[in-house]
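Below is one structure, written out as C-alpha cells, with a few remarks after it.
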Amino acid sequence: MTRMRTTTLPSGETLPVLGQGTWRMGENARVRKTEVAALRLGIELGMTLIDTAEMYANGGAERVVGEAIAGRRDDVFVVTKFYPPNATRERMAAACERSLKRLGTDRIDLYLLHWRGDVPLKDTLAGFDELVRTQKIRHAGVSNFDVADLEELSRLKDGFQRIVTNEVLYNLERRGIEWDLIPWMRKRHRPIIAYSPVEEGLLAHRHPVLTAVAKRHDATPAQIALAWVIREDGVVAIPKASRAAHVRENRRAADIRLTKRDLEELDESFPPSEGKKPLEVR
Ligand code: NAP
C-alpha cells in the first residue's frame with residue numbers, strides 16, 4: 001500500500017482523497033462495535049477524514065465517531081454538519097456544542113451547513129465567524145449548494161473566503177456537477193467532497209464495463225468506482241463502510257490509476273451530462 005494521496009484546502013492544509021462516511025451508523029446498538037471498529041481500521045489505513053452530521057441517527061453517528069476517534073483525535077479530520085434551521089448565529093453555537101459533546105472533542109475540523117434552508121446566508125456566515133473565532137471549528141463549508149447558491153454566497157462580504165468546500169453527490173451515475181460546479185470550485189482552489197461515491201453500494205454490483213475495467217486492475221467494481229471519483233485532484237470521496245472487508249477494499253482504490261482506455265470505456269457506459277442540470281441531492 002502506498003501513502004494516501006492528498007488534496008489541498010485554500011489554507012494549504014492537506015486532506016486525504018479518501019475519507020469515511022457515517023450515514024446510517026449509530027442506528028442500531030447491536031452493530032455499534034462493528035461500526036467503531038470499521039472507522040478505526042479506516043483511520044489506521046489512512047482514511048482519516050470522517051464525515052458525519054447531527055442528523056444521522058439523531059446524533060447517534062456522531063457518538064460512534066466519538067468512540068472511534070477517542071485517543072486518536074489528532075490523527076483525524078472531523079467533518080460534521082448542522083441542520084438548516086440551526087443556521088442562525090445563536091442556534092449554530094448551540095448545535096455545535098451538542099456535536100462537540102457527542103464527538104467527545106473540543107473542536108470540529110470542518111463544519112458544514114447540511115443543505116440550504118430559509119436562514120439568510122449572511123447570518124450563517126456570522127455564525128461561522130463566531131465559531132472560528134472561539135476555536136470551536138477550524139474550517140467552514142457548505143453541502144448541497146449548486147452554482148447559483150455559491151454565486152450568491154460569493155456576492156456577500158467575505159462570503160466565499162470563509163467557505164473551504166462544498167459536499168455534493170458525485171459518482172459515475174451522477175455526473176451533472178462536472179458541467180459547472182466542479183470547474184467553479186476548481187477555479188477557486190476549493191476541493192469538493194463527493195458523497196455516495198459508490199451510489200449507496202449499487203456500483204459495487206455487477207456491471208459489465210465496471211467489471212471489465214476492474215479485471216484489468218485486479219480490482220473490484222467498487223474500487224474502480226471510487227478510483228474514478230478521485231481520478232483528478234480536488235475531489236475527496238467519503239464512502240461509508242461498516243464492514244472491515246469493505247474498508248480494506250476501499251482503501252486500495254486510492255492506489256489505482258485509471259488509464260485513458262479505462263476512462264473512455266467508463267464514459268461510454270456512464271456518459272457525462274451534456275448540459276446544465278439542477279444539482280442532484282440525496
Ligand atoms: P456510499 O458510500 O456510496 O455507499 C455506502 C454503502 O455501500 C453501504 O451499504 C456499504 O456497505 C456499501 N459499500 C461500501 N464500500 C463497499 C465496497 N467496497 N463494496 C461493496 N459495498 C460497499 O453511500 P452513502 O453512505 O450515501 O455516502 C457516503 C457518505 O456520504 C455518507 O455515509 C455520509 O457521511 C455522506 N453523505 C452526505 C450527504 C449530504 O447531504 N451531505 C448525503 C448522503 C451521504 P457496508 O456499510 O455494509 O460496509
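Just so you know, these numbers use all the heavy atoms, side chains as well, and skip hydrogens, waters and symmetry mates. In this chain, numbering begins with 1 at the start of the sequence shown. Start at 1 and go down the list; that is how both ligands and their atoms are numbered.
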Under 4.0 Å between a side-chain nitrogen and a carboxylate oxygen: does that hold for [X] and [Y]?
X: Lys101; Y: Glu97; answer: no
X: Glu27; Y: Arg24; answer: no
X: Glu152; Y: Arg116; answer: yes
X: Lys276; Y: Asp146; answer: yes

Of the listed options Glu199, Glu167, His246, Glu200, closest to atom 48 (O) of ligand 1 (non-hydrogen atoms):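 Result: the heavy atom closest to atom 48 (O) of ligand 1 is in His246.
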Option set Ala241, Ala204, Ala225, criterion heavy-atom distance to atom 20 (C) of ligand 1, minimum: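 Answer by nearest heavy atom: Ala204.
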Any Lys81 heavy atom less than 4.0 Å to ligand 1: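 Checking ligand 1 against Lys81, which is what was asked, there is a heavy-atom contact under 4.0 Å.
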Tyr56 touching ligand 1 at heavy-atom level, < 4.0 angstrom: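 Within the 4.0 Å threshold, so yes.
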What protein heavy atom lies closest to [atom]? Include the residue and the distance to one decimal.
atom: atom 39 (C) of ligand 1; answer: Tyr195 CE2, 3.3 Å
atom: atom 47 (O) of ligand 1; answer: Arg243 NE, 2.8 Å
atom: atom 46 (O) of ligand 1; answer: Lys240 NZ, 2.7 Å

Sub-3.5 Å N/O-N/O distance, Asp51 and ligand 1: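 Yes: some nitrogen or oxygen of Asp51 is under 3.5 Å from one in ligand 1.
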Validation row: Ile238, Gln20 side chains within 4.5 angstrom (heavy atoms):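 Not touching, per the 4.5 Å side-chain cut-off.
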Contact check, side chains of Ile43 and Ile50, non-hydrogen atoms, under 4.5 Å: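 Yes, their side chains come closer than 4.5 Å.
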Relative to the heavy atoms of [X], which atoms of ligand 1 are at a distance of less than 4.0 Å?
X: Ile238; answer: 28 (C), 29 (C), 30 (O), 35 (C)
X: Asn144; answer: 39 (C), 40 (O), 41 (N)
X: His114; answer: 39 (C), 40 (O), 41 (N)

Aromatic Trp184 / basic Arg188 pairing, under 6.0 angstrom, 45° off normal: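 Yes; both conditions hold, so Arg188 lies above the ring face of Trp184.
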